[in-house]
Amino acid sequence: AGQQLCARSDVSGVNIRTSTSLFTMSKRSKSNEDEAGSAARMQALQPCDDNILLVTDSYKVSHHQQYPPNTTRVFSYFESRGGEWQQPVFFGLQYIIKKWLVGPVVTREKIAQAKEIYQMHFGQDIFNEAGWLQVVEKHGGRLPLRIKAVLEGTPVGYRNVLFTVENTDDSLPWLTNWFETLLVQVWYPMTVATNSREQKKIIAKFLHETSDSMDSLPFRLHDFGFRGVSSVESAAIGGLAHLVNFSGTDTIAAVVLGRQAYSCPMAGFSVPAAEHSTITTWGREHEKEAFANMLKKFPTGIVACVSDSYNIWNACRYNWGEFLHSEIAGRSGPLVVRPDSGDPPEVVVKCLELLGHNFKPSVNTKGYKVLPNCIRLIQGDGINIESVMKILQYMRKFGWSSENITFGSGGALLQKLNRDTLKCAYKCSFATVGGEDRPVFKEPVTDAGKVSKKGRLALQKDADGVFSTVDEKKLVGEDQLVCVFENGRLLIDQSLEDVRKRASLAAADYETHAPQLNNVDEWATDAAMAKWRKEWKI
């Protein structure tokens, strides 16, 4: 399905709903009747799926009656008003457009369904049946809207317009903000992509400072988040947003969506790896045999093995370091040891110290220790933007290059985020009423941070690459907002390859030194480490 979608030459007709979707795929059965029944049951379990008239907030159903008389144009915009990071990475609008907006998305049947539901929901008839019928009769069910947006993958300083929406039929101005509910959901992929990129900056800083090569950067943060998100669709959207910056993932839904929506045959890669059940079923006394089995079954290439089922120190010092040393050293491809519990900085440093006792490290040109190519570490427990920084700081303190480690992140990468992380908002800034153009804005006395922009907005970029939002009439140079959707047609089909290029780091993002530790935890003091090394005979 993804290949068929990517191969379409008429990109304006691309619509994810018309291909075999990840989210509506039913298992093939032996008879056509069973298959049809299965598909019907699956469709019945898709809330609002395929009816755009139901994908809005309840209060918007009444808004067509609330605009001033003779309103003909409503122009709204989306921005990040601030938040944790100053350079949001715009991503994910194309998926929303392809899934929901392209083609004849309004039909008489959908109008009838919406009318029935809203009548029951409100207990009165306030649904704009006549307006929606006009979309069908006058526009063939295609939405008379224009969406202009910054190209996806572009990092844009916050408090700038990222996309604008306006109606193109003067008799349907209420359509612009009907779609706020749906379009604002771009906050999620945008926030994941930004979070991922900010972590990439941290990892890049340490690689630049402690490693001889930056080549491995795309694989230094692996997505473990599939099970930790709220739905399969969330996993796909968030997982693909992470893949804007990195190339490692265990979230299959993300690579499927990359094929369907961003013309990428394979957006992310993974390796054979153990989970606790495949180790603990061997029993505590046979852990080293479970480890040996991993090496036997996967004799070449990268293989990862969770190693903290019982005693991570013993696993690194003896099971991997002595009993299986020759098998590891003789492999074609590294074994990646995975601890999965404890205080992440302490566990990472001590695992490196234990592994380094038997697998003698070299010292690179930056003066940091590097384990032999046959063995590496992945830390996938407790990983977030703060712990990544702290782990790398402690590794540097103890003389270890950051090239020894890869990170895996789950909930903190894809789930521990919300719309306020980047303070995303969609507001009306311009309207035409009775032939008069009006700048529109809000200015609450109780919160200056919620003052909205006014006018028909454009995004300009100066010679230094700095973005600023201006009124269209004051635009200098080319508008960085390009028309991506108009009247039911997708006008630009952006590939993940192009998105990644826009989001890539510049040297200025990582060539400054990463901050030093302010305080040293008790475990990392000279006395505590000396005592621990003596205990483990290293």
Between atom [atom1] of [X] and atom [atom2] of [Y], what is the distance when rounded to the nearest 0.5 Å?
{"X": "R220", "Y": "L217", "atom1": "CZ", "atom2": "CG", "value": "8.5 Å"}
{"X": "T469", "Y": "Y77", "atom1": "OG1", "atom2": "OH", "value": "8.5 Å"}
{"X": "I391", "Y": "F206", "atom1": "CD1", "atom2": "CZ", "value": "10.5 Å"}
{"X": "R227", "Y": "T251", "atom1": "CZ", "atom2": "OG1", "value": "9.5 Å"}
{"X": "L457", "Y": "T164", "atom1": "CG", "atom2": "OG1", "value": "7.5 Å"}
{"X": "K99", "Y": "L257", "atom1": "NZ", "atom2": "CG", "value": "9.5 Å"}

- In chain order, what residues pass the ring-ring contact (aromatic ring centres under 6.0 Å, His included) check against W320, with sequence neighbours excluded? F291
- Task: Could you tell me whether E511 atom CD has more than 12 heavy atoms of other residues or ligands within 6.0 Å of it?
- Result: yes
- In I279, V336, I378, the residue satisfying side chain to side chain contact (heavy atoms under 4.5 Å, CB included) with C305 is I279
- In this structure, which one of I385, N245, D509 forms a side chain to side chain contact (heavy atoms under 4.5 Å, CB included) with K201? D509
- Task: Indicate the ring-plane relationship of W523 and F398, choosing parallel, tilted or perpendicular according to the 30° and 60° boundaries.
- Result: parallel
- Query: Once the angle between the rings of F163 and F78 is folded into 0 to 90°, is it parallel (under 30°), tilted (30 to 60°) or perpendicular (over 60°)?
  - Reply: parallel
- Short question: side chain of Q480, backbone of K461 - any donor-acceptor pair under 3.5 Å? no
- Query: Is the Lys NZ or Arg CZ of K205 less than 6.0 Å from the centre of Y510's six-membered ring, within 45° of the axis?
  - Reply: no
- Message: Taking the cut-offs as 6.0 angstrom to the six-membered ring centre and 45 degrees off its axis, would you call K423 and Y158 a cation-pi pair?
- Response: no
Is it true that [X] and [Y] have a side-chain N and a carboxylate O under 4.0 angstrom from each other?
{"X": "E79", "Y": "R159", "value": "no"}
{"X": "E209", "Y": "K366", "value": "no"}
{"X": "K288", "Y": "E322", "value": "no"}

- Query: Hey, would you say the F224 and H222 ring centroids sit under 6.0 Å apart?
  - Reply: yes
- Query: Out of R500, E497, E152, which one pairs with Y262 under the side-chain hydrogen bond (donor to acceptor under 3.5 Å, both in side chains) rule?
  - Reply: E152
- Message: Just so I know, are the side chains of F90 and S80 near enough to count as touching, which here means a heavy-atom distance under 4.5 Å?
- Response: no
